[in-house]
2 protein chains.
Amino acid sequence: MDIKTTSPIDKESILSISKLFKVISAPTRLSVLFLLQKKECSVGNIAISLDMEQSAISHQLKTLKDARLVKSRREGKSMLYSLDDLHVFSILEQVLTHVSELEK
Amino acid sequence: MDIKTTSPIDKESILSISKLFKVISAPTRLSVLFLLQKKECSVGNIAISLDMEQSAISHQLKTLKDARLVKSRREGKSMLYSLDDLHVFSILEQVLTHVSELEK
DNA sequence: TTTACATATGACTAACTAATCATATGTTTG
DNA sequence: CAAACATATGATTAGTTAGTCATATGTAAA
């Protein structure tokens with residue numbers, strides 16, 4: 001049996017996981033996710049909370065939305081964003097626990 | 001109360017999490033981790049299994065080792081690598097489940 | 001101690017990414 | 001409708017990164 005055929009997981013799955021981790025590995029996007037954990041929030045408010053430009057936040061929200069990690073709804077002039085994937089968030093919390101234990 | 005002070009999580013933690021996710025978001029490194037889940041493995045064998053250059057694998061193993069995700073021991077001329085952080089691997093498996101369910 | 005084998009390392013480069021800037025699109029109010 | 005507000009988008013750019021190549025280091029066998 002060729003050693004190559006013993007690969008424990010297919011390339012597609014690797015790429016899917018990679019894609020997801022890449023999305024949640026950017027500090028700005030992580031901050032947005034943790035912020036949205038507390039409450040639904042408008043683009044402008046996220047920008048203020050994170051002390052970043054509106055445009056930067058909007059770009060990152062698009063990435064998060066494409067990955068189906070957040071969803072949005074319009075309310076008047078604002079767009080309100082909220083978490084759309086609680087499972088991923090539970091993973092985030094797990095990692096947070098993991099990381100904070102390593103720092104001890 | 002200033003909205004900025006309500007940030008749900010400190011910058012340091014964000015950066016730690018970000019760092020960890022970055023390490024496990026590269027397809028090659030993910031493949032290595034899944035490969036090592038099965039068994040301890042030499043650099044050369046990993047390279048063959050993943051059909052990549054020895055040097056590329058060695059570089060990525062260094063990254064994984066710096067992040068304390070793998071460890072190594074020498075056996076004769078070979079260096080044998082194995083997982084050093086089973087918690088992170090359980091997270092990986094969780095994400096794999098998540099991803100494969102999304103694909104349904 | 002030469003030689004071959006196994007891995008690590010440093011320099012380099014192509015590809016990618018996050019933020020910025022300018023501006024367009026969409027929504028409400030006067 | 002015009003003006004103000006809120007968000008989205010496209011182009012650009014500085015910074016990062018994964019892989020390659022050449023070579024150095026470490027180990028064992030002849």
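Keep in mind that the numbers below use all heavy atoms, side chains included, and drop hydrogens, waters and symmetry copies.
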_Nucleotide dA6(D), atom P - distance to CZ of R73(A) in whole Å_ = 16 Å

_Interatomic distance where NZ belongs to K19(B) and P belongs to dT16(D) [whole Å]_ = 14 Å

*Nucleotide dT17(D), atom C1' - distance to CG of L64(B) in whole Å*: 14 Å

*Within the pair S58(B) and dT9(C), is there a side-chain N or O less than 4.0 Å away from OP1 or OP2?*
no

*N45(A) CG to dC5(D) C1': how many Å, rounded?*
14 Å

*Would you say the side chains of T63(B) and D66(B) form a donor-acceptor pair under 3.5 Å?*
no

*asked:* Tell me the interatomic distance from Q60(B), atom CD, to dT16(D), atom C1', rounded to whole angstroms.
replied: 13 Å

*Can you tell me if the side-chain N/O atoms of Y81(B) get under 4.0 Å from OP1 or OP2 in dA6(C)?*
no

*asked:* With heavy-atom distances below 4.5 Å as the criterion, would you say the side chains of I14(B) and D10(B) are in contact?
replied: no

_In whole Å, I'd like the distance from the NZ atom of K62(B) to the C1' atom of dT17(D)._
15 Å

*asked:* Please tell me if S78(B) has a side-chain N or O lying less than 4.0 Å from either OP1 or OP2 of dC5(C).
replied: no

*Do D85(A) and R68(A) come within less than 4.5 Å of each other through their side chains, counting heavy atoms only?*
no

*Would you say S13(B) and L96(A) make side-chain contact, with heavy atoms under 4.5 Å?*
yes

_Test item: Y81(A) and S72(A) side chains (from C-beta on) under 4.5 Å apart, heavy atoms_ = yes

*Footprint string (nucleotides 20-30 of chain D, 5' to 3'): B base within contact, S backbone only, - free, heavy atoms under 4.0 Å*: BBB---SBS--

*Treat each ILVMFWY residue as a node, draw an edge where side-chain heavy atoms are under 4.5 Å apart, and state whether L80(B) and L35(B) are in one component.*
no

_Atom pair distance, as rounded to whole Å: CG in L61(B) and P in dT7(C)_ = 10 Å

*Listed in order of residue number, which residues of residues 21-29 of chain A have a non-hydrogen atom at under 4.0 Å from DNA chain D?*
none

*Return the set of residues passing salt bridge (charged side-chain N to carboxylate O under 4.0 Å, His left out) with E93(A) (not counting sequence neighbours), or none when no residue passes.*
none

_Are S82(B) and K71(B) packed together at the side-chain level, in the sense that at least one heavy-atom pair is separated by less than 4.5 angstrom?_
yes

*Protein-nucleotide distance (I57(B), atom CD1; dT17(D), atom P), rounded to Å*: 18 Å

*asked:* For a 4.5 angstrom cut-off between non-hydrogen side-chain atoms, does L69(B) reach L83(B)?
replied: no

